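Here's the structure, in structure tokens; my notes come after.
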Amino acid sequence: MENELFTLSKTYDFKGTEERIYAMWEAAGYFKPQNDPAGLDHDPSIRPFVISIPPPNVTGELHLGHAMFVSMEDLMIRHQRMKGVPTLWVPGSDHAGIATQLQVEKHLLRTLEESREEIGRERFLEYTWEWKRKYGGIITDQIRRLGASCDWDRERFTLDNGLSRAVNEAFVRLYERGLIYRGPRLINWSPGLKTAVSDLEVEYHEEQGKLYHFKYRIQGGDDFLPVATTRPETILGDTAVAVHPEDERYQAFIGKTALVPILDRPIPVIADAYVDPEFGTGALKVTPGHDPNDYEIGERHNLPIVSVLDREARVTEEGGPYAGQDRFEARKNLWEDMKAQGLVIKEEPYSHQVPRSQRGGEIIEPMISTQWFVDIKPLAEPALQAVQDGRIRIVPEYFTRVYYNWMENIQDWCISRQLWWGHRIPIWYAPDGTMFCARSEEEAHEKAEVHFGEATQLEQDPDVLDTWFSSGLWPFSTLGWPDETADMAYFYPTTMMETGYDILFFWVARMIMMGLAFTGEIPFETVYLHGLIRDEQGRKMSKTIGNVIDPLTVMDEMGTDALRFTLLVGSTPGKDTNLSLKRVEANRNFANKIWNAGRLVLGLIPRCPREPEREPRWTMADGWIWARLNQLIAQVDRLFEGHQYGEAGRQIYDFFWSEFADWYLEIAKLQVSEGGDRAHYTVDLMVRTMDTCLRLLHPFTPYVTEELWQRMKKATQTHSEKLIPEDGPWAEALIVAPWPAAAPQQGWEEGNIARFTLLQEIVRTIRNLRAEKNVQPGLKIGATLVAGDLAHDIGHQSATIASLAKIQEDHLRIVEYLNEKPEGSIALVAGPVEIYLPLAEMVDPEEEKLRLGKDLQETEAQINRLQQLLDGPFAEKAPEKVVQGEREKLAGYLESADKIRAQLESLQ
RNA sequence: GGGCGCGUAGCUCAGCUGGUUAGAGCGCACGGUUCACAUCCGUGAGGUCGUGGGUUCGAGUCCCUCCGCGCCCACCA
């Protein structure tokens, strides 16, 4: 054969294809919004569809979480683009303060054997920028490889000049509104990272520890209060002992003076309702400097605050003999000394929640420290409102409850970090301590000059801002805010915020708060939250367990399309996905199926006669596939509308494989071989159906579909201009081809589908029996079909039936009725059709009776069920349409039962 | 302590606004190599949808109880 089939590999070659196709898309500018504000065809009546990418850490390497959001967002973007909506997907990356600094520090130690303190802030930052330039591109390259159709010309980095300007602007505005304050507060201190972290960056783990019971001696006597603690070293910072005001046991102690063990520092015994008399000993040591609750008690009772731990969690001078010791060492030593002094009562095993740093993993120490905070309530209020009144919609819906819950109990946000890599806090101090908050150093100097009447030395605050502060501005800072850019005017508010539910508070909530605060508008209309990717057994992927699946390896082995399809179809919004490689493999097979179906179509195109002689006339199969295709389009549209992307993909998969490929293409081969007009119409319809499937699949599996589509376009154009998609000429590329529209129903569809379904049933019934009776697969047998009224319709399909069921065509009889059962045949029933196969010699009549008897039994069971149903209240209460459906089913079963009975009789 | 989610075939999971014979992939069993595909084709076995109750003509789907699992938030020493 001279056709193209043999020039194409049987296996889809994704490796070469992906790179070539992506380069083609990018070069052609398909990733740019069609109605770019800079362009001339800007149509203000069409709202663009905009996504800001969740910026990956600049030092990161692609993991499945990235693969998930990229696939999902690319799906949405491609879908909208094909629908003709101007789409913008803004890419970028995040400087990721702590993560990057840690990584660079490690690298620095390894290569130059120097710490960041040794080389100093300035050199360290240079070094880090160098690092960023070198490795920052890795992640974006990997994202491209996933097929991400971002507008790469708009790529942003959170430490870019523009974005840094936005950060300063935001800080200044909050400061001027009085929503930023600085002060000593109890914060979460990470001794490993030597910085403060926010509440969200602390993770609590249930851990086995000890509860230490000891005696708090009362001054001037032998009395003592029994007290329990999990952290004995904090005893050194106690400034009170508290009991419940109504606790009868301890009434006498209230107002007395207790002595801190070892230090003998006198502290008051106070009464506070916070103390739970039931817990522990019922007496509580109060350490305002190292415990959030105690801090509050301290405020109520005006207690002094003693800090006994320093930045590295070593005991301070306040700790007397333990000064300089590490916190755990001090814990041990102090406890030993207390034992020696007879102050120890007991220690018991105790499991409790231990706070650990999300990044470093070490135990977080609550400490008093001077930090910058955002007064968050005034920002949270409108953010809560925006979701409550529906301006922002969260998918899946149940996450709105989670959002409310958090927003309603939100605490002030500690935004300063004692790091170097990040946005430096735009505050400058004069030598006398006066603060100037300014957008730039120049502005700070101007302000200082106005304030002092002369130029002054200024020093900028050494701290940097929490990374999430800049991320919170992302949807608008990437569009040029605070400037009133064309992009801001046209693309903002953005449309879709697609991200993992794990950063709902970290990121999404903050973007909503800051978006409303700075732009006065919501930053996005919809929040779509996907789940986490776990391993096959539902465990988190981690290097220590060794169950990490690397998306790059998966792409190498199975192709990007397979990975994307798996992530997209295997996930439900908000729910975690257990990824199994078996699944990816199955979807690689699907990609290959698409490829091979494409090869067949390509091979048949040249066999299409150029000009049909008569008006088109479709076969039953033609009408069926066309009707089903249109149903599919309608379904997919509905599902996309409701963000049910996975279900949409599944339906396309099923249609493509088990209807189009398994049935229609098989039949199309036969119809094409008839030649003439039939061949023409068949190829025409087949190409159109394939074209539509490729369009529907494109957002899921962009590469294989684009490749095939290009080839189809070329093949049809060289062959016949008549072979074009119904809605106009072939587009330039599939990525910008119009999304299919379902043809309006004309009324014949359901009947056609029903008739074809019967045909399928006939074929299956025959195949089934052949398999059961071990009829040689290649052996063609004869058959007689008794089809009553349907004989005419089915008669037209004799070639199809013959081919699919391996019946010898000239021995296939299709008749309306039969007086007598054909000699030596075995009888079957498919719906209202009786089938006789000349295989009597292969079967035992008794066995046949059993088989038919079983059939009859099943059919009668259905009849009974339906009759009862229809006799009951169902017939009156259920909608007419549903009842009618059941009646038709009943009629069908009754007919089948008759046929089976007749056959049983003839066996007697 | 508060909030949320899950429990469907041996395994991993779908199942939207309740519509009456519950689906897929993998695995399993049997059979298949000429003309798209063994990364394939055909046929089949396999589930009282965690438990108990309720609403309804009708419940895997809605409501409640209980059992089991998971997650998030929260200051119990």
Side-chain angles (χ1 to χ4, degrees), chain A residues 1 5 8 10-12 199 204 211-212 227-231 234 242 274-276 278-287 291-296 350 352-353 366 396 398-399 401-402 404-406 409 501-502 504-505 532 536-538 558 562 569-572 574-580 582-583 585-593 595-604 635 638-639 642 644 646-647 650 653-654 658 661-662 665-666 669 764 767-772 774-778 806 858 861-862 865-866 869 872-879 881-883 885-886 889:
Chain A
M1 264 213 254
L5 280 181
L8 288 180
K10 285 185 177 185
T11 308
Y12 169 49
D199 294 347
Y204 290 84
L211 189 57
Y212 300 84
V227 173
T229 181
T230 52
R231 297 181 293 159
T234 63
Y274 169 77
V275 182
D276 175 4
E278 306 291 314
F279 189 87
T281 63
L284 172 69
K285 61 188 273 311
V286 183
T287 323
D291 184 282
N293 298 308
D294 295 8
Y295 183 79
E296 279 175 24
Y350 184 64
H352 60 139
Q353 299 281 326
Y398 58 79
F399 268 104
R401 301 279 307 269
V402 181
Y404 293 158
N405 197 26
W406 190 71
N409 299 299
Y501 66 75
D502 53 328
L504 178 62
F505 307 140
L532 274 35
E536 219 162 339
Q537 290 136 55
M558 319 258 196
V569 168
S571 67
T572 316
K575 281 188 193 165
D576 291 354
T577 303
N578 296 354
L579 184 78
S580 106
K582 288 277 185 195
R583 253 194 141 126
E585 211 174 302
N587 290 323
R588 178 212 43 198
N589 295 352
F590 179 53
N592 205 53
K593 187 74 186 180
W595 178 249
N596 277 303
R599 287 178 64 219
L600 176 65
V601 171
L602 286 170
L604 292 179
Q635 277 287 317
R638 208 202 80 227
L639 291 165
Q644 307 227 347
E647 185 60 22
R650 236 166 272 130
Y653 176 104
D654 285 342
S658 30
D662 284 353
L665 286 182
E666 289 305 323
K669 283 191 261 187
R764 283 204 189 98
R767 282 175 177 170
N768 181 341
L769 186 101
R770 291 178 61 121
E772 222 171 84
N774 288 319
V775 179
Q776 270 186 333
K806 297 268 165 54
E858 278 169 16
Q862 293 299 338
R865 187 181 61 79
L866 286 169
L869 183 69
F874 169 81
E876 283 164 42
K877 302 243 181 167
K881 212 177 135 196
V882 178
V883 178
E886 298 307 311
K889 274 189 210 165

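As the structure is a prediction and not an experimental result, all values here were calculated from the model.
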Checklist entry - Can you tell which of G27(B), A36(B), U12(B) lies closest to the side chain of Lys582(A)? => result G27(B)
Checklist outcome for this item: Heavy-atom nearest pair, Asn596(A) first then Lys10(A), reads ND2-O, 3.0 Å
Checklist entry - Contact class for Phe279(A) (heavy atom, under 4.0 Å): base, sugar-phosphate, or nothing? => result base
Item to check | Closest to side chain of Asn293(A), choosing from C75(B), C4(B), G31(B) | outcome: C75(B)
Checklist entry - Taking all atoms of both residues into account, what is the closest heavy-atom pair of Leu665(A) and Ala597(A), and its distance? => result CD1-CB, 3.8 Å
Item to check | Close side-chain approach of Lys806(A) to Arg767(A), heavy-atom, < 4.5 Å | outcome: no
Checklist entry - So, does Asn592(A) use its side chain to make a donor-acceptor pair with the main chain of Arg588(A) at under 3.5 Å? => result no
Item to check | Interatomic distance at P, C4(B) relative to U65(B), whole Å | outcome: 12 Å
Next on the checklist: Suppose we call a contact any N or O donor and acceptor under 3.5 Å apart; does that hold for the side chain of Tyr274(A) and the base of C75(B)?
Outcome noted: yes
Checklist entry - Which letters describe nucleotides 39-45 of chain B, given B = protein heavy atom under 4.0 Å from base, S = only from sugar-phosphate, - = neither? => result BSSSSS-
Next on the checklist: Quick check on RNA chain B: between Tyr501(A) and Gly646(A), whose nearest nucleotide comes earlier from the 5' end?
Outcome noted: Gly646(A)
Checklist entry - Roughly, in whole Å, what's the span from OH in Tyr204(A) to P in C71(B)? => result 18 Å
Checklist entry - At under 4.0 Å between heavy atoms, what does Lys669(A) touch on the DNA or RNA strands: base, sugar-phosphate, or nothing? => result base
Next on the checklist: Please enumerate all residues that pass salt bridge (charged side-chain N to carboxylate O under 4.0 Å, His left out) together with Lys889(A), with sequence neighbours excluded.
Outcome noted: Glu886(A)
Checklist entry - With under 30° as parallel and over 60° as perpendicular, where do the rings of Phe505(A) and Trp406(A) fit, or are they tilted in between? => result parallel
Checklist entry - Rounded to whole angstrom units, what separation is found between the CG atom of Asp576(A) and the C1' atom of C72(B)? => result 12 Å
Checklist entry - Do you know which two heavy atoms are closest between Thr281(A) and Val227(A), and how far apart they sit? => result OG1-CA, 3.4 Å
Checklist entry - Taking C-beta and beyond as the side chain, do Asn587(A) and Met558(A) meet within less than 4.5 Å on heavy atoms? => result no
Next on the checklist: Rounded to whole Å, please give me the gap between CZ in Arg401(A) and P in C73(B).
Outcome noted: 17 Å
Checklist entry - Do the non-hydrogen side-chain atoms of Asn293(A) and Tyr274(A) ever get within less than 4.5 Å of each other? => result yes
Checklist entry - With a non-hydrogen cut-off below 4.0 angstrom, is Thr572(A) in contact with a base, only sugar-phosphate, or nothing? => result sugar-phosphate
Checklist entry - Taking atom P in both G44(B) and C49(B), what distance in whole Å separates the two? => result 24 Å
Item to check | Nearest non-hydrogen partners of Thr577(A) and Gly570(A), listed with the distance | outcome: CG2-O, 3.5 Å
Next on the checklist: What's the gap between U48(B) and U8(B) when it is taken at their P atoms, as a whole Å value?
Outcome noted: 12 Å
Checklist entry - Counting any heavy atom closer than 4.0 Å, what does Pro879(A) reach on the DNA or RNA strands: base, sugar-phosphate only, or nothing? => result base
Checklist entry - In whole Å, what separates the C1' atom of U61(B) from that of G50(B)? => result 16 Å
Item to check | Asp291(A) vs Arg231(A), side-chain contact (heavy atoms from CB on, under 4.5 Å): CA-CA, chis, key distance, verdict | outcome: CA-CA 10 Å; Asp291(A) 184 282; Arg231(A) 297 181 293 159; 3.5 Å; yes
Next on the checklist: Output the rounded distance in Å from CG (Asn405(A)) to P (C71(B)).
Outcome noted: 18 Å
Item to check | Separation of the C1' atoms in G15(B) and G31(B), to the nearest angstrom | outcome: 32 Å
Checklist entry - Over how many whole Å does the gap from Gln353(A) atom CD to C72(B) atom C1' extend? => result 12 Å
Item to check | Between C40(B) and A45(B) - P atom distance, rounded Å | outcome: 22 Å
Checklist entry - Side-chain donor or acceptor of Lys10(A) under 3.5 Å from a matching atom on the base of A36(B)? => result no
Checklist entry - So what's the dot-bracket for RNA chain B: Watson-Crick or G-U pairs under 3.5 Å, [ ] if a pair crosses, | if it pairs off-strand? => result (((((((..((((.....[...)))).(((((.......))))).....(.(((..]....))).))))))))....
Checklist entry - Taking only N and O in the side chain of Lys877(A), is any of them less than 4.0 Å away from OP1 or OP2 of C57(B)? => result yes
Checklist entry - Can you tell me how far P of C57(B) sits from CZ of Arg865(A), to the nearest Å? => result 19 Å
Checklist entry - To the nearest angstrom, how far is Asp291(A) atom CG from C76(B) atom P? => result 10 Å
Checklist entry - What integer number of Å spans the P atoms of G1(B) and C76(B)? => result 12 Å
Checklist entry - So what does Val275(A) hit on the nucleic acid, given a heavy-atom distance under 4.0 Å: a base, only sugar-phosphate, or nothing? => result base
Next on the checklist: Under 4.0 Å, counting only non-hydrogen atoms across every strand here, what does Ala661(A) touch: a base, just sugar-phosphate, or nothing?
Outcome noted: base
Checklist entry - Within the structure shown, what part of the strands sits under 4.0 Å from Glu278(A) by heavy-atom distance: base, sugar-phosphate, or nothing? => result nothing
Checklist entry - How is Asp276(A) classified with respect to the nucleic acid when contacts are heavy atoms under 4.0 Å: base, sugar-phosphate, or nothing? => result base
Item to check | Nearest-angstrom distance, P atom, A36(B) to G42(B) | outcome: 15 Å
Checklist outcome for this item: Note: for Gln862(A) and Tyr653(A) on RNA chain B, the residue whose nearest nucleotide lies more 5' is Gln862(A)
Checklist entry - Does the pair Tyr501(A) and Asp576(A) meet the rule for a side chain to side chain donor-acceptor pair (under 3.5 Å), with working shown? => result CA-CA 10 Å; Tyr501(A) 66 75; Asp576(A) 291 354; 2.7 Å; yes
Item to check | Presence of donor-acceptor pair under 3.5 Å, side chain of Glu647(A) and base of A24(B) | outcome: no
Checklist entry - Given atom CG of Asp502(A) and atom P of G5(B), what is their separation to the nearest angstrom? => result 18 Å
Checklist entry - Across the strands shown, which category fits Tyr350(A) at heavy-atom distances under 4.0 angstrom: base, sugar-phosphate, nothing? => result sugar-phosphate
